[in-house]
Amino acid sequence: MVRSTNFSQQPNQKISVEESHDPPFEETYKKLFDDIRTGKASSKVKYQNLFVVEECELPLIDLDQLKGSEFEREECKTKIAKASQEWGFFQVVNHGISQDILWKMRKEQIKLFKKPFHEKMDDKKLNFSAGSYRWGTPSATCLQQLSWSEAFHVPLTDISDSSHFSSLSCTMKQFATTVSELAHKLARILSERMGYKSKYFRETCLPHTCYLRMNRYPACPISPQVFGLMPHTDSDFLTILHQDEIGGLQLVRDGKWISVKPNPEALVINIGDLFQAWSNGVYKSVEHRVVTNKSKERFSTAFFLCPSYDTEIRSCFEPSVYRRFTFREFRQQVQEDVKKFGYKVGLPRFLVSTH
């Protein structure tokens with residue numbers, strides 16, 4: 001049974017942080033929740049952008065075609081590039097990651113998140129780097145900036161270098177190894193479709209720069225007035241997502257929010273900001289979010305293909321839409337904007353000046 005914060009509980013009925021595996025959302029963000037009780041944040045207009053226009057299935061690509069004839073291989077690569085241009089998202093089946101690995105990863109992830117909250121905060125005990133466990137939104141000044149979720153950000157080096165051979169670390173290593181190879185394969189295909197054959201992604205996206213993010217979105221009693229993950233684009237080259245059957249992932253298409261229908265057989269792929277800049281705007285990094293569910297928790301695992309901080313991001317051809325920048329510069333600008341405005345500005349900061 002999921003223990004979610006219940007705003008109707010009396011103080012003496014609350015589950016202590018030591019007993020609960022849920023983060024203390026209500027206690028930490030008390031002022032934001034007080035606004036709900038007093039009616040200051042209950043306007044329907046304020047939350048109308050949460051409502052979904054429609055549910056859709058992302059373009060579905062069978063990667064088995066890459067093992068077929070030359071015509072089939074080219075057709076598959078064309079589909080990947082087209083979806084990256086028109087949607088910024090697509091899903092793949094026959095992707096090379098066994099259902100057994102995906103099932104074990106989900107099982108271990110659930111066990112991890114069911115640990116008491118205070119244990120999850122202890123990075124050393126879990127053999128993760130300091131700051132790996134994150135929850136909520138520390139910089140939130142209003143409900144729309146609060147993410148009702150918790151996550152473990154784990155660099156691949158934490159996984160491969162671990163001397164602690166638990167079932168979790170072994171499963172994470174299996175998962176990370178296979179998903180990393182898939183990410184590099186897709187990045188190579190997308191670069192080749194731009195006429196750019198290079199070892200750029202192999203040379204810059206290394207184990208110490210890429211990472212896994214294990215997500216849990218607890219059931220939320222005030223859904224839909226708060227996001228599971230607020231609207232954003234990904235600050236990487238590619239993201240590969242394995243999600244459960246609950247749903248909640250939404251993206252912008254043709255100026256409207258649409259809900260992605262879960263496919264248990266598929267992995268979801270999306271283009272990140274760095275690939276949009278590298279491709280000179282051909283491949284699209286699309287805004288997306290996760291909405292909360294009143295009664296069900298949701299789990300997902302994401303792999304992020306990221307370069308080293310000193311990697312220079314530049315267009316693969318000229319004239320360039322974006323100026324050259326390092327990944328470190330991009331990250332720092334994102335952090336400054338989030339601190340100042342409460343949200344990420346991203347690539348518009350790096351457009352080439354027209355003046």
Side-chain angles (χ1 to χ4, degrees), residues 2 4-5 21-23 25 29 32 46-58 87-91 102 105-106 109-110 112-113 133-140 142-154 211-236 238-253 256-264 266-273 285-304 334 338 342-344 346:
V2 181
S4 298
T5 305
H21 59 253
D22 280 343
F25 290 107
Y29 299 100
L32 304 187
K46 189 171 184 178
Y47 300 110
Q48 65 183 359
N49 67 336
L50 283 169
F51 297 104
V52 183
V53 175
E54 61 181 292
E55 183 178 60
C56 76
E57 292 192 16
L58 295 175
W87 284 77
F89 272 80
F90 58 95
Q91 52 189 344
L102 294 177
M105 187 68 230
R106 181 56 39 78
Q109 181 178 347
I110 292 173
L112 176 62
F113 279 114
Y133 178 65
R134 308 172 188 181
W135 64 278
T137 309
S139 60
C142 65
L143 274 180
Q144 287 183 303
Q145 294 174 4
L146 173 62
S147 291
W148 191 278
S149 57
E150 57 179 332
F152 284 93
H153 295 247
V154 187
Y211 65 94
L212 293 183
R213 173 174 166 137
M214 295 177 284
N215 303 299
R216 174 179 175 256
Y217 302 91
C220 179
I222 57 169
S223 175
Q225 296 182 45
V226 64
F227 294 110
L229 198 60
M230 64 183 293
H232 67 286
T233 55
D234 287 352
S235 300
D236 63 352
L238 280 177
T239 304
I240 298 180
L241 177 75
H242 178 227
Q243 60 173 339
D244 63 19
E245 73 286 354
I246 300 302
L249 174 63
Q250 300 179 352
L251 58 91
V252 174
R253 179 161 169 78
K256 300 176 181 177
W257 284 104
I258 60 174
S259 180
V260 176
K261 185 177 181 180
N263 182 335
L267 295 176
V268 175
I269 317 294
N270 70 277
I271 301 297
D273 296 334
S285 179
V286 173
E287 190 175 28
H288 53 285
R289 66 190 183 188
V290 176
V291 293
T292 51
N293 189 298
K294 278 186 179 294
S295 58
K296 298 177 181 178
E297 61 185 343
R298 174 181 182 266
F299 294 93
S300 69
T301 308
F303 170 85
F304 296 89
V334 167
V338 169
Y343 59 87
K344 170 186 171 182

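Because the structure is predicted, anything quoted here is derived from the model rather than measured.
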Item to check | Worked verdict on Gln109 versus His242 for side chain to side chain contact (heavy atoms under 4.5 Å, CB included) | outcome: CA-CA 12 Å; Gln109 181 178 347; His242 178 227; over 6 Å; no
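- Partners of Gln145 according to the side-chain hydrogen bond (donor to acceptor under 3.5 Å, both in side chains) rule, which considers only residues two or more places apart in sequence or in another chain, are Thr141.
- The backbone N or O of Leu58 lies less than 3.5 Å from a partner atom in the side chain of Gln91, making a donor-acceptor pair.
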Item to check | Residues Met214, Val154; criterion side chain to side chain contact (heavy atoms under 4.5 Å, CB included); working and verdict | outcome: CA-CA 8 Å; Met214 295 177 284; Val154 187; 4.1 Å; yes
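- Panel note: side chain Asp244, backbone Ile246; a donor-acceptor pair is recorded below 3.5 Å.
- Here the CG-OG1 distance, from Leu229 to Thr292, works out to 11.5 Å after rounding to the nearest 0.5 Å.
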Next on the checklist: With side chain to side chain donor-acceptor pair (under 3.5 Å) as the criterion, how do Asp273 and Ser285 come out once you've worked through the C-alpha distance, each side chain's angles and the decisive distance to 0.1 Å?
Outcome noted: CA-CA 5 Å; Asp273 296 334; Ser285 179; 2.8 Å; yes
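- Screening Arg213, Arg134, Arg216 for a salt bridge (charged side-chain N to carboxylate O under 4.0 Å, His left out) with Glu150, the sole residue that qualifies is Arg216.
- Between Asn215 and the options Ser300, Ser149, Ser147, a side-chain hydrogen bond (donor to acceptor under 3.5 Å, both in side chains) holds for only Ser300.
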Item to check | Worked check of side chain to side chain contact (heavy atoms under 4.5 Å, CB included) between Trp257 and Arg289 | outcome: CA-CA 9 Å; Trp257 284 104; Arg289 66 190 183 188; 3.3 Å; yes
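- Summarising the geometry, atom CZ belonging to Phe304 is positioned 9.0 Å from atom CG belonging to Leu212; distances are rounded to the nearest 0.5 Å.
- Across Trp135, Tyr29, Tyr217, Phe25, a single residue satisfies ring-ring contact (aromatic ring centres under 6.0 Å, His included) together with Trp148, and that is Phe25.
- No side-chain donor-acceptor contact under 3.5 Å links Lys294 to the backbone of Cys220.
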